[in-house]
Amino acid sequence: MSDDLRSILLEQVERLLSDRSGPDLLRAVERGEWPAALWEEAEALGLPHALVPEAMGGAGLGWDDAVAVWQVLGRHGAPLPLAGGMAAAALLAVGGIAPPAGPIALAVPGEALAWGRRAEHAVTATGGEVALHLLSGAARQEGRSLIGREPADHVALGEPLARVALPPGCGPEAALLAGALLHAAQIAGALEAVLGMTVEYASTRRQFGRPIGGFQAVQQLLAQAAGEVAAAGVAAAHAGRAAARRGLAGGAFEIACAKVVAGEAAGRVAAIAHQVHAAMGFTDEHPLHLFTRRLWSWRDACGAERVWARRIGAEALARGGAALWPDLTAREEEARP
Amino acid sequence: MVGLRFDLRDTPADAPALRAELRAFLAEAGRHWSPMVRAYSWMGFDREFSREVGRRGWIGMTWPRAYGGGERSAMERYVVLEEMLAAGAPVGAHWIGDRQSGPLILRLGTEDQRREFLPRIARGELAFAIGLSEPDSGSDLASLRSRAEKVPGGWRINGRKVWTTNAHRCDFMIALLRTSPVADPKLKHQGLSQFLVDLRASGIAIRPIPDLVGEEGFNEITLDDVFVPDAMLVGEEGRGWEQATAELAFERAGPERYLSSLPLLIAALDDLRAEPAAPEAVGRLLARAATLRQMSLSVAGMLQEGRTPAREAALVKDVGNDYEQALPEAVRDLTDPARTPEEVREMLGITTMVARSYSLRGGTREILRGIIARQLGLR
Ligand SMILES: Cc1cc2nc3c(=O)[nH]c(=O)nc-3n(C[C@H](O)[C@H](O)[C@H](O)COP(=O)(O)OP(=O)(O)OC[C@H]3O[C@@H](n4cnc5c(N)ncnc54)[C@H](O)[C@@H]3O)c2cc1C
């Protein structure tokens, strides 16, 4: 997608979410209230099928564009299960299945379905195949994520409506990789929000006759947080670019890196944000926790840092010291448009 | 992020070919580099090596051909730098000239200065030192007191510089000196000027200061009535502070701000295979390295476009310094000395010691975070 179109789209998403989302909506979502109005507007913008090729009625965005959109979603606490739905529709389309309308859940092995109760369809993508499941009438157990409190349901997936082979570029773990990528991107966005809130708070809360942001101890913490936020954003964008160029499986290393770095940043930045907000940030009333709880939840989704780190670490150990640096540089340079 | 953007950049199209050339060269040149050489990396000094690098056109790569440069892109240069660092090459005899003294002369020097200095730097023949810190002026650099007084035909310099890396082995130093006194400390950034100081001039005494690693890496320089001709003033008299801080963007922007300890991981990796905790720890290090590389490339791209990404460079240096300091600690956690080859243990020990300098040289962690806090609007 051209840079111009991309920035227009990102602006639209940003505007939609700043107009329609906010702490009240995030709290409603945690009570299990479906953000119907927001969903309709997202549909009107064509977002659920944004990653579907234009020939199949979508907007033809790539994984790199998707990361940028998901980052904006994360900046607003991702009040609707749009990211998983976009990825699910993309995987269907890659397999040649026209994605259905309405909310689609991305089924990642071992994970509950985000908003499974509202989704009309679910998509699995493992073992090199993508399958479309109808959810209406399926047995389900409603729940919510422990820390994030986002609706997350266990639904029994029966026989699929359709099942087709994915192109080799998607690999055997397409759903997991897409899930890790979208969570890394949402974390990167939520981190920006948390940093922004914390800088704002440090500039307005006064103690000892001046804003607490005037104290060097606080400045140093926030500067450190800014570094982590920047790293998470770069890691997510890097993973999105790798997936756009080389497919999800081809970008597995960068996706793993993004999930590790974003997950580490989530823990560190949330800790700093709470330290600076002190008691006020520990209240239910203050919106900080709407973001920090999501950060703690998202860093565990689709493989925590430990899981992805082990995987790329084991690969590197098997390849040996002499290959470490050449591998790090070659992934980018071998397959370039 | 609150004002700072890090757009992704690609390495240049000819990067694979360039890397192949560099790797062949470095494999040959590095056959006998000791753990000390590799761990010291860009603070190490080897004139013969630098001349070889110059002969291959890898110094001053972006400068005009008229001054001995290669007219290649900043991103091609970046590829050369990162290959050198990953190999732990002793690049100190040309690193400073290539990174900051040369570019400063190119940007602000006189035509004579360019013709005199740049081709020799590019050939790897002329080594530069950075003359900023003084005994009483470290982080508070602008408080420096070494001074240059106008005399007929030039300047008379008196004072002291300290921590000057490799000065005892270098040919020239770019010194920041006070040329007009200011009464009000608030105006200390005014009245400073930069000079090209010939380190062999009379009145200069250079005393190596042994460092904790056991090397003679840095020095104390006493300047006692040293005469510096007019032609050796760089840029504008009184504008030294602005010039030096722009130079710091170059100084802080490079891959040496996150790669300093990577040679240790490369050396240690094979012997970590039996350690159960290794996959996760190595994976975390790798994820950060890959990310920092993109951040660093992003800053290089901004430099390529002629911007001065001082704040972005400060942020990447800060995150990068944390990383390069965490690396030896992580490797140590995984290492069983009884089962580790001597060479790797030596590399780990030396890197553990050298690592303390990463968050000091080129601006301390606290100073960098102060710059970032300013960007955040907190000061
Ligand atoms: C290996 C090595 C090589 C070097 N090479 C060179 C060289 O070639 N040329 C050169 O000019 N210099 C060189 N330096 C010097 C380096 O630039 C200084 O060490 C650095 O600028 C800090 O100055 P300082 O050591 O005097 O520490 P100080 O400025 O005295 O600082 C001491 C401590 O106080 C903190 N501090 C100081 N001011 C503040 C503040 N305002 N807010 C919060 N904390 C503060 C610092 O962060 C630090 O932790 C080198 C240093 C090292 C270690």
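What you see is a predicted model; the values in this text were computed from it and never measured. Each chain gets a letter, A, B and so on, in the order its sequence line appears, and its residues count up from 1.
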For Pro211(A), which atoms come within 4.5 Å of any heavy atom of chain B: side chain, backbone, both, or neither? neither
Carboxylate-amine/guanidinium proximity below 4.0 Å for Glu228(A) and Arg288(B): yes
Is there a donor-acceptor pair under 3.5 Å between the side chain of Arg273(B) and the backbone N or O of Leu317(A)? yes
Part of Ala318(A) within contact of chain B (heavy atom distance under 4.5 Å): backbone
Which residues share a side-chain hydrogen bond (donor to acceptor under 3.5 Å, both in side chains) with Tyr40(B), sequence neighbours left out: Asp211(B)
Test log, rule side chain to side chain donor-acceptor pair (under 3.5 Å), inputs Glu333(A) and Thr11(B): CA-CA 8 Å; Glu333(A) 288 169 6; Thr11(B) 50; 2.8 Å; yes
Pick from Arg293(B), Glu280(B), Arg365(B): which one has the most heavy-atom pairs with chain A under 4.5 Å? Glu280(B)
Determine whether the side chains of Glu83(B) and Trp325(A) contain a donor N or O and an acceptor N or O closer than 3.5 Å. yes
Who wins among Glu264(A), Lys259(A), Arg241(A), Arg311(A) for the most heavy-atom pairs under 4.5 Å with chain B? Arg241(A)
Chain A-proximal positions within residues 321-328 of chain B [heavy-atom distance under 4.5 Å]: none
In the structure I gave you, are the side-chain heavy atoms of Pro279(B) and Glu315(A) within less than 4.5 Å of one another anywhere? no
Any chance CZ of Arg345(B) has more than 12 other-residue heavy atoms, nucleotides or ligands included, within less than 6.0 Å? yes
Are the side chains of Ser203(A) and Leu378(B) in contact, using a 4.5 Å heavy-atom criterion? yes
Sorted by number, residues from residues 31-39 of chain B in contact with chain A (heavy atoms, under 4.5 Å): none
Salt bridge check: are Asp270(B) and Arg319(A) linked by an N-O gap of less than 4.0 Å? no
Any idea which of Leu8(B), Leu272(B), Leu368(B), Val319(B) has the most non-hydrogen atom pairs under 4.5 angstrom with chain A? Leu8(B)
Check each of Arg369(B), Arg379(B), Arg374(B) against Gln219(A) using the side-chain contact (heavy atoms from CB on, under 4.5 Å) test, and report the only one that passes. Arg379(B)
Filtered by a 4.5 Å non-hydrogen cutoff, the part of residues 296-304 of chain B contacting chain A is none
Between Gln220(A) (side chain only) and Glu366(B) (backbone N and O only), is there a donor and an acceptor less than 3.5 Å apart? yes
For Cys257(A) against Ala290(B), the heavy-atom pair lying closest together: SG-CB, 3.9 Å
Atom CG in Leu328(A), atom CD1 in Ile266(B): separation rounded to 0.5 Å? 9.0 Å
Per side-chain contact (heavy atoms from CB on, under 4.5 Å), Arg284(B) is matched among Ile312(A), Val260(A), Val261(A) by Val260(A)
Under a 4.5 Å heavy-atom cut-off, does chain B meet the side chain of Arg306(A), its backbone, both or neither? both
Most chain B-contacting option - heavy-atom pairs closer than 4.5 Å, from Gly320(A), Gly233(A), Ala188(A), Ala202(A): Gly320(A)
Which residue out of Asp7(B), Thr291(B), Val282(B) racks up the most heavy-atom pairs below 4.5 Å with chain A? Thr291(B)
Could you pull out the closest heavy-atom pair between Leu376(B) and Val199(A), with the gap in Å? O-CG1, 3.4 Å
Looking only at non-hydrogen atoms, find the nearest pair between Ala226(A) and Ile372(B) and report the distance. CB-CG2, 3.9 Å
With only heavy atoms counted, which part of Leu285(B) is less than 4.5 Å from chain A, the side chain, the backbone, both or neither? neither
